[in-house]
Amino acid sequence: MKTPDFFKRSELTASMWMFRREFLMVAVFSMVANVLLLSPTLYMLQVYDRVLTSQSEVTLLAVSLITLFLFGVMAFSEAMRSRVLVDAGVRLDERLGTRVFNASFESYLSQSSASPSRAFSDLIEIRQFLTGQGIFALFDAPWAPVYIFVTFLMHPFLGLLSLVFALFQGALAWFGHRYTVAPSEAASKAAGEANAYLQSKLRNAEVLESMGMIPNLEHRWREEHRNYLAKHARAQAMTHRVMAWSKFLRYTQQSLALGAGALLVIDGQLSPGAMIASNVLMSRALTPIDMVVSSWRGFISARSAFRRLELLLGEYPEQDPALSRVAPRGALELNKVVAMAPGRVEPILKAVDLCIAAGTVVAVLGPSGSGKSTLARVMVGIWPGVMGEVLLDGIPLSSWNRIELGPHLGYLPQDIELFEGSIADNIARFGELEPEKVIEAARCAGLHDMILRFPKGYDTPIGEAGGLLSGGQRQRIGLARAVYGNPALVVLDEPNANLDDAGEAALVRTVQELKAQGRTVVLITHRPSAVAAADRVVLLRDGRIEAQGARDEVLALLKSGGAKPPPTGPSLSGVPA
C-alpha cells in the first residue's frame, strides 16, 4: 500500500501510519460496538410494546437471550479495540524509544531548549492518549448521526430535538477548541520552565546550602511558579466553564427528551416503549460529542507533544545504520573553523586552521577564555554551531556514525561527569564489561593500585555523579574511561587540574604510553610537565591560533618574546627543550 503524501511529511507521522491496520481494526470493532448499542433501545421497544401486551413469557425469554448475546458481542468488541490500541502503544514506544533517546541527547548537546526528560514525557503523553478514552471518543463520534437518524425514524420531532442538541454540543466543542488551546499551552510551557529552573538549582544543592543562597533562589523560583499558577488557573477556569455548559446541555437534553416523548405519548403519536427508548437513544447520540468535549484538554496536550516530538525528530534525523567506515587512524584537520555560541554575537573560535598528524601529541595553551575547551569539544564533534570543516582521516566528523565512532574517541572534559554504578562500569563506558580492557585502561591511567585499595575494588559503587570520590579520583577514573579500548584520538581538557604530583606523573606516563601506541593526543594544559610530553604546541588566544609548531620552536618563541605567554598557570620557562 502506497503511503499518502501527508504521512511523508515527518518521521513521526510515518511511524504513526505504520499502525494503520491497527486503527482500521479499532474502527471495525468500534462500528460493531456502536451498532450493538442499539440493542437496549430495541429491547425496550420489544418489552414495552410486545411482551407487556402479549403477556408472553416465552417471548420475553427469547428477546432477553438475544439481547444478552448481543451485549456479549459488544463487550468483546470494546475489549478487543482496547487491547489493539494498548498493543499498538507499546510497539510505538518500542519503535520510537531509541530514536527519541538519541535525538533528545543530540538536542541537549546542541544547547536547544529541548531536554531528554521532556522528549520522553511527550512520547508517553502521545501513547497514553492513543490508549485512553479520548481516542475512543474520536472513533465513536462519527456514529452520532446514525443514532440521530434512528431517532428521526421513531418520530421527526424527537429527531429534530436530538439534532439541535447535537449542534449545541458541537458548537461547544468548537468553542472549547478556540478558547482553551492557547491558555492550556501557555500553562504547560510555564510549568516546564518553572520545573527546569528548580531542577537546575537542585543539581547544585550543596553550594546553595553552604552559602545561604536558597532564600534568594526560592524568591526567583516563586515568581516562576506564580506565573505558572496564574496561567494554569486561567486555563482551568475556561476548561471548567466548557465542561459545566456541557453538563447543562446533557441534563437539559435528557429532561426535554423525556418531556417531549411524554407529550407525544399523550397525543397518541408515540408508544410508552418508544418514549423511553428514544430518550436512551438521544442520550447515546450525544455521549460521543460529550466525551470529545471532556477529553479536549488531553487532545490539546497530545497534539502539542506530537508537534514537539515531530520537530525534534525532524531536526535530528536518524543516522544511516548501514554507514560503516574503516577504523580511524586519528589524523585530525580543522579548516577555517568558526564556533558560535547561543546569545553571543562574536564567535568563540575564529577561522581556526589546524592539522594534526596521526600519532602526534599536541599541547594546546592559552589564557582563560581563549576558546581551548570549545576547541576540544569541536574536535570530538559535540559543539553546536560550527562552521568550516572538521575532518577525521579526511572525512567530515559529522558524517561519521557516532555510535560506531564513539569507541575510537576518548574525551576528558574539565567538568568530570561520572555516573551511578561501579568503577568498572564507568571505565568501560557502561558497555559490556571486559575485565582485561578495564584493567588495561586503569593501568594506563596509573589507577590500578589505587582501585585495588577500595573495599570492593573495581566493583566499588561510586554513588550518583561520583559523589563518593575526591576530585582527583574522579579525574583519574575519567582519564581511564577516555583511554579505554585504545581509541585513535584522545582529547584531554585540563586533565591535571585536580591531580597531585603522583597523579600528574601518572598522567605524563599515560600520554607517553599513548604516544608509543601511535595514538593522537590533544592535551589542553598549563602544567610544564605535561607540555614536556608533547610533540607540538599550539598557542590559542582570543579564539585564534597565535602560534603553532614543534614544541621546542614554540617554546623558544615564547621565551624570546615573539609570542605573549599565557597569563594563567605556571611559567613554561622551566620546560626542557
Stepwise side chain to side chain contact (heavy atoms under 4.5 Å, CB included) test for Phe76 and Val32: CA-CA 10 Å; Phe76 174 78; Val32 174; over 6 Å; no
Met275 and Met154: CA distance, side-chain angles, deciding distance, side chain to side chain contact (heavy atoms under 4.5 Å, CB included) verdict: CA-CA 9 Å; Met275 175 192 72; Met154 290 188 171; over 6 Å; no
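- The closest side-chain heavy-atom distance from Leu258 to Ser255 is not below 4.5 Å.
- Using bins of under 30°, 30° to 60° and over 60° for the plane-to-plane angle, the ring pair Phe23/Phe139 lands in the parallel bin.
- Rounding to the nearest 0.5 Å gives a distance of 5.5 Å between CD1 of Ile124 and CZ of Arg127.
- A side-chain donor from one of Tyr43 and Ser64 sits under 3.5 Å from a side-chain acceptor of the other.
- Scanning both residues, Pro142 and Pro145, for their nearest heavy atoms gives O-CD, 3.1 Å.
- At a threshold of 4.5 Å between non-hydrogen side-chain atoms, the residues Thr252 and Phe165 count as touching.
- The OG1 atom of Thr59 lies 9.0 Å from the CD atom of Gln46; values are rounded to the nearest 0.5 Å.
- Under the 3.5 Å distance criterion, the side-chain polar atoms of Asp93 are left unmatched by any main-chain donor or acceptor of Gly89.
- Closest non-hydrogen pair, Val438 versus Ala428, comes out as CG2-CB, 3.9 Å.
- The closest donor-acceptor contact from the side chain of Arg20 to the backbone of Trp17 lies under 3.5 Å.
- Heavy-atom contacts from other residues, nucleotides or ligands closer than 6.0 Å to CG of Asp415 number 12 or fewer.
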Run the side chain to side chain contact (heavy atoms under 4.5 Å, CB included) test on Asp425 and Phe419 for me, step by step, so that the C-alpha distance in whole Å, both residues' side-chain angles and the decisive distance to 0.1 Å come before the verdict. CA-CA 9 Å; Asp425 289 330; Phe419 306 99; over 6 Å; no
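- Proximity of Gln253 to Phe168: side-chain heavy atoms (C-beta onward) are nowhere separated by under 4.5 Å.
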Could you go through the side chain to side chain contact (heavy atoms under 4.5 Å, CB included) check for Lys437 and Tyr484 one step at a time? CA-CA 7 Å; Lys437 288 186 177 181; Tyr484 176 79; 3.4 Å; yes
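- Note that CH2 of Trp400 and NE2 of His408 are 7.5 Å apart. Values are rounded to the nearest 0.5 Å.
- The number of heavy-atom neighbours closer than 6.0 Å to CD of Gln55, taken from other residues, nucleotides and ligands shown, is above 12.
- Side-chain contact between Ser30 and Val26 is present, with heavy atoms from C-beta onward closer than 4.5 Å.
- Side-chain contact check for Leu161 versus Thr151: every heavy-atom pair is 4.5 Å or farther apart.
- Tyr458 is not listed as a side-chain neighbour of Ser422, based on a closest heavy-atom distance of 4.5 Å or more.
- For the atom pair Ser15 OG and Glu310 CD, the distance stands at 10.5 Å (nearest 0.5 Å).
- For the pair Arg81 and Phe136, the cation sits on the ring face: its NZ or CZ lies under 6.0 Å from the ring centre, inside 45° of the axis.
- A distance of 9.5 Å separates CD1 in Ile66 from CG in Leu61, rounded to the nearest 0.5 Å.
- The nearest pair of heavy atoms linking Leu130 to Leu85 is O-CD1, 3.4 Å.
- A 4.5 Å side-chain heavy-atom check between Ser56 and Val51 finds every atom pair outside the cut-off.
- A distance-only check finds a donor-acceptor pair linking the side chain of Arg429 to the backbone of Ala482 [under 3.5 Å].
- The nearest pair of heavy atoms linking Phe19 to Ala88 is CE2-O, 3.7 Å.
- A heavy-atom distance below 4.5 Å is found between the side chains of Met74 and Leu37.
- Among all heavy-atom pairs drawn from Ala302 and Glu125, the shortest one is N-OE2, 3.9 Å.
- Side chain of Tyr147 to main chain of Asn34: a donor-acceptor pair is present (N/O by atom type, distance under 3.5 Å, no hydrogens or angles).
- The minimum heavy-atom distance linking Pro487 with Pro407 is given by the pair CB-O, 3.8 Å.
- Separating the CG atom in Asp122 from the CG atom in Leu12 is a distance of 10.0 Å, to the nearest 0.5 Å.
- At a threshold of 4.0 Å, the pair Arg91-Glu22 counts as salt-bridged, since one of the basic side-chain nitrogens sits closer than that to a carboxylate oxygen.
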